Amino acid sequence: SQTIHQWPATLVQPVGSPLSLECTVEGTSNPNLYWYRQAAGRGLQLLFYSIGIDQISSEVPQNLSASRPQDRQFILSSKKLLLSDSGFYLCAWSTGADQPQHFGDGTRLSIL
Amino acid sequence: AQSVTQLDSQVPVFEEAPVELRCNYSSSVSVYLFWYVQYPNQGLQLLLKYLSGSTLVKGINGFEAEFNKSQTSFHLRKPSVHISDTAEYFCAVFPRGYNFNKFYFGSGTKLNVKP
């Protein structure tokens with residue numbers, strides 16, 4: 001069966017520090033991959049999506065970036081975190097147009 | 001362009017009472033429709049989906065939803081809620097005909113079940 005792993009579960013970082021969040025999927029090949037952010041009291045904001053290795057599309061311009069160095073690995077990064085980067089980050093995968101997205105357990109990021 | 005509206009940001013309800021969470025969407029093409037549930041500090045779990053066929057869709061945990069094309073709605077219902085149903089619920093649409101699986105999510109409805 002397919003599984004998705006996201007880590008770390010929680011992270012506290014100072015303003016201006018770098019960030020790296022990792023997401024891996026097991027049990028499927030060539031998935032579509034997604035990074036979402038969920039700010040307190042708000043819905044899901046799609047940040048990045050990827051349809052293949054090194055194929056990344058950005059939905060919202062900001063100081064975050066994403067990379068997909070391997071088929072089932074998706075990384076969210078930042079060189080310098082801002083206070084506004086705080087939130088709950090979710091990774092998700094899907095296999096096709098009419099298939100639901102499957103979500104990881106999320107990373108709670110707090111910026112101090 | 002696509003958009004999803006969940007008019008109710010919070011819905012309080014007593015245990016064993018029925019509940020309806022509303023979802024309306026706007027799309028220039030036909031869509032697939034989904035409901036997800038999110039428990040505190042967790043990811044989203046799929047409750048149910050509508051792809052085609054019967055407009056009444058049954059999902060997990062006793063939830064069901066009805067697709068109404070003329071009203072562009074996909075409301076979620078449960079005849080009798082439990083304390084454990086307390087969570088946030090998200091409606092999502094996927095526009096058909098796209099070659100990429102990009103979902104549009106509503107802003108969520110927090111269901112608070114009281115004893």
Side-chain angles (χ1 to χ4, degrees), chain A residues 1-11 21 23-25 28 30-52 55-60 74 87-110, chain B residues 1-10 21 23-25 29-53 57 59-60 65 67 74 87-110 112:
Chain A
S1 63
Q2 302 94 346
T3 56
I4 178 169
H5 302 281
Q6 202 181 327
W7 68 93
T10 59
L11 188 61
L21 303 181
C23 172
T24 60
V25 180
T28 187
N30 197 31
N32 296 331
L33 296 171
Y34 309 80
W35 277 112
Y36 289 90
R37 177 169 59 202
Q38 189 176 19
R42 301 174 68 177
L44 278 74
Q45 179 186 36
L46 179 62
L47 301 175
F48 301 94
Y49 63 88
S50 170
I51 60 173
Q55 300 180 65
I56 311 293
S57 295
S58 174
E59 286 291 297
V60 182
F74 205 25
F88 192 52
Y89 288 82
L90 290 161
C91 180
W93 69 272
S94 71
T95 57
D98 62 350
Q99 299 303 308
Q101 294 185 359
H102 304 276
F103 288 81
D105 289 334
T107 296
R108 175 76 58 192
L109 176 63
S110 299
Chain B
Q2 279 65 233
S3 67
V4 181
T5 302
Q6 292 181 247
L7 289 171
D8 305 305
S9 60
Q10 297 192 45
L21 306 184
C23 173
N24 288 86
Y25 69 91
V29 299
S30 58
V31 298
Y32 300 122
L33 296 152
F34 303 80
W35 273 99
Y36 285 84
V37 59
Q38 184 181 32
Y39 299 101
N41 294 311
Q42 294 186 24
L44 278 68
Q45 300 174 29
L46 181 68
L47 270 181
L48 48 80
K49 63 181 179 181
Y50 172 77
L51 303 182
S52 64
V57 180
I60 62 172
F67 170 54
F74 191 52
E88 191 161 17
Y89 293 79
F90 291 91
C91 180
V93 303
F94 170 70
R96 294 187 183 189
Y98 280 39
N99 61 2
F100 178 70
N101 175 292
K102 179 178 175 181
F103 277 52
Y104 294 82
F105 284 88
S107 56
T109 297
K110 291 186 177 178
N112 183 17

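Since the structure is predicted, the reported quantities are computational estimates derived from the model, not experimental observations. Protein chains get the first letters and strands the later ones, always in sequence-line order, with residue 1 at the start of each.
- Among residues two or more places apart in sequence or in another chain, the ring-ring contact (aromatic ring centres under 6.0 Å, His included) test is passed with B:Phe90 by none.
- Taking both residues in full, the closest heavy atoms of B:Gln42 and A:Leu90 are given as O-CD2, 4.4 Å, listed atom of the first, atom of the second, then distance.
- The only member of B:Leu46, B:Leu47, B:Leu48, B:Leu44 that meets side chain to side chain contact (heavy atoms under 4.5 Å, CB included) when paired with A:Pro100 is B:Leu46.
- With contacts defined as side-chain heavy-atom distances shorter than 4.5 Å, the pair B:Lys49/A:Gln99 qualifies.
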Please determine whether ring pair (Phe, Tyr, Trp, His ring centres under 6.0 Å) holds for the pair B:Tyr36 and A:Phe103, giving the CA-CA distance in whole Å, both sets of side-chain angles, and the decisive distance to 0.1 Å. CA-CA 10 Å; B:Tyr36 285 84; A:Phe103 288 81; 5.5 Å; yes
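- Heavy atoms closer than 4.5 Å to chain B are found in the side chain of A:Gln38, but not in its backbone.
- A search for side chain to side chain donor-acceptor pair (under 3.5 Å) contacts involving B:Thr109 returns B:Gln6, not counting sequence neighbours.
- Atom CZ in B:Phe103 sits 11.5 Å away from atom CG in A:Leu44 (nearest 0.5 Å).
- Only the side chain of B:Leu51 comes within contact range of chain A, with heavy atoms under 4.5 Å apart.
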